[in-house]
Peer 1: 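Okay, handing you the structure first.
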Amino acid sequence: MSRYPFRASEQKWQRIWEERRCFEARTDPSRPKYYVLEMFPYPSGRIHMGHVRNYTLGDVVARVKRRQGFNVLHPMGWDAFGLPAENAAIQKGVHPAEWTWANIREMREQIKAMGCSLDWRREFATCDPAYYKHEQAMFLDMMERGLVYRKESWVNWDPVDQTVLANEQVIDGRGWRSGAPVERRKLSQWFFRITAYAEELLEAIDRLERWPEKVRLMQKNWIGRSEGARVRFPIDGREEAIEVFTTRPDTLFGASFLALAPDHPLAQKLAEENPDLAAFIAECLRTGMSEEVIEKAEKKGFDTGLRGRHPLAPWGAPDGLPIYVANFVLMDYGTGAIFGCPAHDQRDLEFARRYGLPVRPVVLPPDADPARFSIGEEAYLGDGRLVNSAFLDGLGVEEAKRKVIAWLEEHGLGKREITYRLRDWGVSRQRYWGCPIPVVHCEHCGIVPVPREQLPVTLPQDVDFSKPGNPLERHPTFRHVDCPACGRPARRETDTFDTFVESSWYFARFCSPWAENAPFLREDVDYWLPVDQYIGGVEHAVLHLLYSRFFTRAMSACGYLDLDEPFAGLFTQGMITHRTFRDAEGRWLTPEEVRRDESGRWVAVADGRPVEVGRVEKMSKSRMNVVDPTSIMEAYGADTARLFMLSDSPPDRDLEWTDAGIDGAWRYLNRLWRLVDERLGLLPPPGTPLPEPHTPAERELKRWTHRTIARVRDELERFHFNKAVALLREFSNHIEGFRPEGESGRALLREALEALVGMLEPMVPHLAEELWERLGHRRILAETPWPEADEAWTVAETVRIAVQVNGRRRAELELPRGCSEEEVRRRALEEPRIRRFLEGREPRRVIVVPDRIVNVVL
RNA sequence: GGCCCCUUGGCGGAACCGGUAGACGCAGCGGACUUAAAAUCCGCUGGCCCGAUCGGGCCGUCCGGGUUCGACUCCCGGAGGGGCCA
């Protein structure tokens with residue numbers, strides 16, 4: 001029996017595609033464009049199954065669009081800066097550049113083996129100075145436009161590794177690598193002013209119609225707009241006042257204290273004269289200040305002894321409010337100070353109970369009795385009528401907010417304000433393997449940008465990783481420069497960019513990767529951008545996707561582009577999961593270390609002892625449940641792996657890796673191979689004019705062909721690739737059962753096989769090309785237009801109409817499509833089974849839905 | 001704690017606007033081919049029940065209610081799982 005020779009076939013077609021330059025894209029404004037992009041990989045070593053799924057999904061889109069007549073841009077590159085390269089340098093003594101480029105070589109071959117329709121001429125790595133020099137130039141442009149600034153801020157500092165850690169790198173208060181307790185330090189850091197676009201980034205989310213709702217919601221939450229008021233509380237006996245931001249100005253009359261963040265300037269100032277307060281503040285800062293930690297920690301405060309005057313005195317708190325420094329107030333949010341209204345805020349309530357402060361309700365729930373309502377252990381957060389609130393009494397919460405803000409504004413004690421949860425984007429990293437920040441610090445001139453003609457500031461190659469900390473700091477020459485402004489000795493910035501900076505504009509670079517004097521050419525980006533379809537994991541739903549949206553606006557502000565949104569369509573794929581296994585001692589085992597014995601139990605290969613089959617989890621090295629894509633592609637071929645990725649599970653859901661699933665895909669490829677192979681002798685030559693179908697079987701086959709073309713087109717359009725696969729399998733099952741009689745039958749069989757093979761190409765391109773060639777075609781499939789459905793043949797001649805009695809199916813009618821209601825009704829009531837239910841009675845009602853259903857109501 | 005999403009056979013999943021629930025596949029069972037195995041091909045496959053067979057009945061989309069001629073689909077309440085923000 002003939003088998004699909006995948007090894008020879010995959011090599012052959014990959015060579016032909018390359019020779020014919022099928023997938024090279026050229027800017028051509030006379031043609032409609034389509035830009036498909038998968039999130040570019042970090043070159044960590046080898047590709048994993050998530051990459052295979054990602055690039056398969058993207059390739060299906062690229063191949064379909066190309067054959068539908070679009071000028072398709074489908075590039076690939078490397079997000080090449082980042083920590084793992086430095087860890088390798090520390091652990092294995094390899095230079096980060098060497099490690100990275102070796103990984104790129106390895107992964108490039110692995111990706112090429114998948115047979116994706118990529119324009120490899122456009123490949124680049126972000127660690128290449130030819131890439132990052134443009135990033136440095138853009139940074140300077142943004143600095144000139146005030147989109148970049150430097151300020152002191154609190155960071156997570158790992159005292160052992162001597163570096164800043166991102167929040168995600170702090171696990172239970174300890175550095176993820178060193179295990180040392182993380183300290184909070186104040187450092188001067190570079191920031192991108194993303195908050196300048198907070199409102200615009202938020203408001204534009206509603207127009208991202210081809211983005212998943214989930215991602216849009218996550219970005220909205222992340223930006224976190226809140227409307228409220230800024231209120232001034234003068235301090236008794238002092239010049240300064242405390243500025244408070246609140247989203248509940250309606251509850252001002254319920255205030256019973258004021259609280260400052262531990263790092264609030266006033267708190268710091270008071271601590272200078274008060275050692276107890278200083279100790280308290282130090283304690284707060286040590287335990288970390290993430291919102292999560294604060295929520296769980298006990299609410300603690302330190303009474304400063306000062307008193308704040310209520311802005312609405314004499315009605316509210318005529319005796320003033322105690323001022324605390326409290327561990328649950330964040331300097332980063334609002335003004336770093338709050339007024340506490342325990343009755344209507346849970347944190348404030350916990351604090352008030354602990355320190356015996358008054359709890360005065362000012363919002364009465366709708367059905368509560370004013371005389372008896374009081375707050376227990378739960379603050380009341382809902383709507384209601386204002387009470388105990390002087391001129392606000394009787395108003396609803398929203399009305400009260402408006403009225404009190406108007407009053408505050410009128411009396412100069414406060415104003416309406418909108419704040420955002422979004423913080424400016426800190427991009428300084430005390431790291432070697434990143435893009436150098438192109439500035440110089442001069443004692444006399446301050447911060448001086450590196451002159452454009454001196455860009456790029458390249459990373460020195462000779463660095464020493466034997467000691468902790470940033471090797472750029474210790475480098476003999478890198479940091480010592482002459483000030484570009486005054487010429488006196490100065491210090492080069494040794495921080496490098498967060499790697500999210502590189503990934504914030506790479507999609508634009510792919511449009512003109514060859515441009516030397518500019519990051520990209522206007523004619524190219526104006527044509528190709530925005531990306532029409534972006535595909536990647538949902539884990540980037542906020543950071544990368546939000547930074548890119550900001551960066552695109554910032555680039556436009558600097559005149560590089562005329563564009564707001566980089567990604568018109570976004571698709572987020574699910575994870576690849578796999579069973580986990582543990583042996584009797586609880587050690588994780590890899591899938592290769594287990595097998596099924598004769599009775600079907602899972603046992604260890606090594607000793608035959610039973611293993612515990614654990615949960616299905618995301619593939620990860622720590623769980624030992626990873627399957628290497630290359631070993632699968634070597635054993636079954638790239639097309640098998642691709643087909644498996646597309647079958648069964650909808651692409652946005654998690655996909656469970658199973659050996660049975662791979663076998664199933666492999667078997668189907670061979671079935672297709674035989675389906676064509678065994679019928680080659682029957683078929684007329686390609687291009688034979690299509691005769692009208694003669695027999696019912698021929699008419700049915702024709703209908704299957706065109707209905708499948710139409711339905712597959714729709715499912716592909718909606719990213720329902722699993723359904724497209726199912727439709728093609730159904731179609732091939734039907735072709736298998738067709739026995740051609742005579743010339744017309746054989747011609748129609750060719751039509752069906754060609755449609756099938758043609759539609760398989762985006763999913764299993766090597767097999768499809770091979771079969772297409774065997775069907776006698778000289779023009780390769782990748783260059784052949786996508787099959788078109790003849791609408792006249794996309795509907796069946798007859799329809800099956802279910803006949804229900806009281807909503808339960810009792811019979812079925814086979815009628816010509818488009819029968820009149822009266823006809824259907826008559827035929828339904830004539831059915832013997834229906835007459836039995838009627839027992840001679842007249843039905844009370846008969847509902848007829850044309851071509852679908854009849855419901856007889858007794 | 002708030003907001004959002006999900007829950008369909010042994011399993012992954014189909015079912016478009018409320019109109020024949022379970023497409024397609026995996027696993028399983030029975031059969032053919034074979035000395036045998038693999039591969040391949042054919043048939044069956046939600047549960048319970050009646051019936052010699054063709055056939056027929058009842059139940060069934062997490063649970064409870066509702067709307068409707070008709071509900072996996074819409075509404076209310078609950079349970080379980082997941083995500084985001086706290």
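Convention: sequence-line order gives letters A, B, ...; per-chain numbering from 1. Hydrogens, waters and symmetry mates play no part in the numbers below; they use all other heavy atoms, side chains included.
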Peer 1: Touch check for Arg844(A), heavy atoms < 4.0 angstrom, all strands: base, sugar-phosphate only, or nothing?
Peer 2: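 Nothing, no heavy atom under 4.0 Å.
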
Peer 1: Using the side-chain heavy atoms of Glu730(A), tell me which of these nucleotides is nearest: rC24(B), rG57(B), rU20(B).
Peer 2: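 Closest nucleotide among those given: rC24(B).
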
Peer 1: Among the nucleotides rC24(B), rA14(B), rA21(B), which one has an atom lying closest to any side-chain atom of Lys723(A)?
Peer 2: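 My answer, after comparing the listed nucleotides, is rA14(B).
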
Peer 1: Taking for each residue the nucleotide of RNA chain B with the nearest heavy atom, is it Ile853(A) or Arg653(A) whose nucleotide lies nearer the 5' end?
Peer 2: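 Residue closer to the 5' terminus by nearest nucleotide: Arg653(A).
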
Peer 1: Just how far is it from atom CZ of Phe719(A) to atom CZ of Arg210(A), taken to the nearest 0.5 Å?
Peer 2: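 One finds 8.5 Å between CZ of Phe719(A) and CZ of Arg210(A).
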
Peer 1: Could you tell me the separation between the CZ atom of Arg671(A) and the P atom of rC42(B), rounded to a whole number of Å?
Peer 2: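 These atoms are roughly 7 Å apart.
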
Peer 1: Counting any heavy atom closer than 4.0 Å, what does Arg852(A) reach on the DNA or RNA strands: base, sugar-phosphate only, or nothing?
Peer 2: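 Sugar-phosphate, backbone atoms only, no base.
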
Peer 1: Determine the interatomic distance between C1' on rC76(B) and the same-named atom on rA71(B); round to the nearest Å.
Peer 2: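 About 15 Å, rounded to a whole number of Å.
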
Peer 1: How far, in whole Å, is rG18(B) from rG28(B) if one measures between their C1' atoms?
Peer 2: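 The same atom, C1', in both gives a distance of 35 Å.
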
Peer 1: In whole angstrom, what separates Met575(A)'s CE from rG83(B)'s P?
Peer 2: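 Roughly 8 Å, once rounded to whole Å.
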
Peer 1: Go ahead and name the base partner of rC58(B); Watson-Crick or wobble counts if both distances stay under 3.5 Å, otherwise write none.
Peer 2: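 The answer is rG47(B), by the H-bond criterion.
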
Peer 1: Using both distances under 3.5 Å as the test, list the Watson-Crick or G-U wobble partner of rG1(B), or none.
Peer 2: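 For rG1(B), the partner nucleotide comes out as rC85(B), under the 3.5 Å rule.
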
Peer 1: Rounding to a whole Å, what distance do you find between Phe644(A):CZ and rG25(B):P?
Peer 2: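 In whole Å, rG25(B) P lies 16 Å from Phe644(A) CZ.
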
Peer 1: Can you tell me how far C1' in rC59(B) sits from the matching atom in rA52(B), rounded to whole Å?
Peer 2: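 Looking at atom C1' only, rC59(B) and rA52(B) are 26 Å apart.
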
Peer 1: Indicate, yes or no, whether a donor-acceptor pair under 3.5 Å links the base of rC85(B) to the side chain of Asn221(A).
Peer 2: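 Under the 3.5 Å cut-off, the side chain and the base do not form any donor-acceptor pair.
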
Peer 1: Does rG77(B) have a Watson-Crick or wobble partner in any strand here, with both distances under 3.5 angstrom, and which is it?
Peer 2: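 Pair assignment: rG77(B) / rC63(B).
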
Peer 1: Less than 4.0 angstrom between a side-chain N/O of Arg845(A) and OP1 or OP2 of rC69(B), yes or no?
Peer 2: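 It does, given that an N or O in the side chain of Arg845(A) lies less than 4.0 Å from OP1 or OP2 of rC69(B).
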
Peer 1: Measure from the side-chain heavy atoms of Arg810(A) and tell me the nearest of rG57(B), rC69(B), rU20(B).
Peer 2: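 Among rG57(B), rC69(B), rU20(B), the one nearest the side chain of Arg810(A) is rG57(B).
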
Peer 1: Does Val857(A) reach a base, just sugar-phosphate, or nothing at all? Heavy atoms under 4.0 Å.
Peer 2: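 Counting heavy atoms under 4.0 Å across all strands, the contact made by Val857(A) is with sugar-phosphate only.
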
Peer 1: Can you tell me the distance, in whole Å, between the CD atom of Glu539(A) and the P atom of rC84(B)?
Peer 2: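 Spelled out: CD on Glu539(A) to P on rC84(B) is 11 Å.
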
Peer 1: Considering only the P atoms, how many Å lie between rC74(B) and rG1(B), rounded to the nearest integer?
Peer 2: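 After rounding to an integer number of Å, I get 27 Å for this pair.
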
Peer 1: Could you check which of rG25(B), rG13(B), rU20(B) has an atom nearest any side-chain atom of Asn733(A)?
Peer 2: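 Of the options given, the side chain of Asn733(A) lies nearest rG25(B).
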
Peer 1: Give me the distance, rounded to whole Å, that separates rU61(B) from rU8(B) when you measure between the P atoms they each carry.
Peer 2: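 The answer is 11 Å between these two P atoms.
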
Peer 1: Rounding to the closest angstrom, what is the interatomic distance between rA15(B) and rA36(B) at atom P?
Peer 2: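 It works out to 45 Å between them.
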
Peer 1: Tell me, please, whether Tyr668(A) has Arg729(A) positioned over its six-membered ring: NZ or CZ under 6.0 Å from the ring centre and within 45 degrees of its axis?
Peer 2: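 Yes, Arg729(A) and Tyr668(A) form such a contact.
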
Peer 1: Rounded to the Å, how far apart are Met218(A) CE and rC3(B) P?
Peer 2: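 Roughly 18 Å, once rounded to whole Å.
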
Peer 1: Are Val52(A) and Met645(A) close enough that some pair of their side-chain heavy atoms sits under 4.5 Å apart?
Peer 2: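 Side chain of Val52(A) against side chain of Met645(A), heavy atoms only: contact under 4.5 Å found.
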
Peer 1: Just to be sure I understand the rule, does Ser647(A) reach a base, reach only the sugar-phosphate, or reach nothing, if contact means heavy atoms closer than 4.0 Å?
Peer 2: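 No contact.
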
Peer 1: In terms of base orientation, is rG64(B) syn or anti, with the syn window spanning 90° either side of 0?
Peer 2: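 For rG64(B), whose glycosidic angle is more than 90° from 0, the conformation is anti.
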
Peer 1: Toward the 5' end of RNA chain B, which comes first, Leu217(A) or Val725(A), by nearest nucleotide?
Peer 2: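 Comparing both residues, the 5'-ward one is Leu217(A).
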
Peer 1: What integer number of Å spans the P atoms of rU20(B) and rA27(B)?
Peer 2: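 So the two P atoms sit 30 Å from each other.
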
Peer 1: Strictly below 4.0 Å, N to O, side chains only: are Arg225(A) and Glu227(A) in salt-bridge contact?
Peer 2: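 Looking at Glu227(A) together with Arg225(A), the answer is yes, because their closest N to O distance falls below 4.0 Å.
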
Peer 1: What is the distance from atom CZ of Arg703(A) to atom NE2 of His734(A), rounded to the nearest 0.5 Å?
Peer 2: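 Between atom CZ of Arg703(A) and atom NE2 of His734(A) there are 10.5 Å.
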
Peer 1: Which label fits Trp425(A) and Tyr547(A): parallel for a plane angle under 30°, tilted from 30 to 60°, or perpendicular past 60°?
Peer 2: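 Rings of Trp425(A) and Tyr547(A): parallel, under 30°.
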
Peer 1: Both distances under 3.5 Å, Watson-Crick or G-U wobble: report the partner of rA32(B), or none.
Peer 2: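 Matched rA32(B) with rU40(B) under the 3.5 Å cut-off.
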
Peer 1: Measure from the side-chain heavy atoms of Arg667(A) and tell me the nearest of rA14(B), rC69(B), rC26(B).
Peer 2: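 So the side chain of Arg667(A) is nearest to rC26(B).
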
Peer 1: Give the nucleotide from the list rA14(B), rG25(B), rG19(B) with an atom nearest to the side chain of Arg729(A).
Peer 2: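 When the side chain of Arg729(A) is considered, rG25(B) is the closest of rA14(B), rG25(B), rG19(B).
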
Peer 1: Both distances below 3.5 Å, Watson-Crick or wobble geometry, any strand: find the nucleotide opposite rC11(B).
Peer 2: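 In the structure as shown, rC11(B) has rG25(B) as its Watson-Crick or wobble partner.
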
Peer 1: So if I take every side-chain heavy atom of Asn722(A) and compare against rA14(B), rC26(B), rC69(B), which nucleotide ends up nearest?
Peer 2: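 Nearest nucleotide to the side chain: rA14(B).
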
Peer 1: If you take all heavy atoms of Pro361(A) and Phe373(A), which pair is closest and at what distance?
Peer 2: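 Between these two residues, the closest heavy atoms are CB-CE2, 3.8 Å.
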
Peer 1: Can you classify the ring geometry of His544(A) versus Phe500(A) as parallel (below 30°), tilted (30 to 60°) or perpendicular (above 60°)?
Peer 2: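 Aromatic pair His544(A)/Phe500(A) classed parallel.
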
Peer 1: Hey, is the side chain of Arg833(A) poking within less than 4.0 Å of OP1 or OP2 on rG57(B), counting only N and O atoms?
Peer 2: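 Checking Arg833(A) against rG57(B): at least one side-chain N or O falls below 4.0 Å of OP1 or OP2.
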
Peer 1: If the P atom of rG10(B) is compared with that of rU45(B), how far apart are they to the nearest Å?
Peer 2: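 Pairwise P distance, rG10(B) against rU45(B), rounds to 15 Å.
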
Peer 1: Rounded to the Å, how far apart are Glu812(A) CD and rA21(B) P?
Peer 2: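 Distance, rounded to whole Å: 10 Å.
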
Peer 1: Name the orientation of the base relative to the sugar in rC17(B): syn if the glycosidic angle is within 90° of 0, else anti.
Peer 2: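 Nucleotide rC17(B) adopts syn.
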
Peer 1: Find the distance Arg707(A):CZ to rC16(B):P and express it as a whole number of Å.
Peer 2: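 Interatomic distance, CZ of Arg707(A) to P of rC16(B): 16 Å.
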
Peer 1: Scan every strand shown for a Watson-Crick or G-U wobble partner of rC69(B), both distances under 3.5 Å, and answer none if you come up empty.
Peer 2: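 Result: rG19(B).
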
Peer 1: Taking CZ from Arg808(A) and C1' from rG19(B), how many angstroms apart are they, rounded to a whole number?
Peer 2: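 Taking CZ of Arg808(A) and C1' of rG19(B), I get 16 Å after rounding.
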
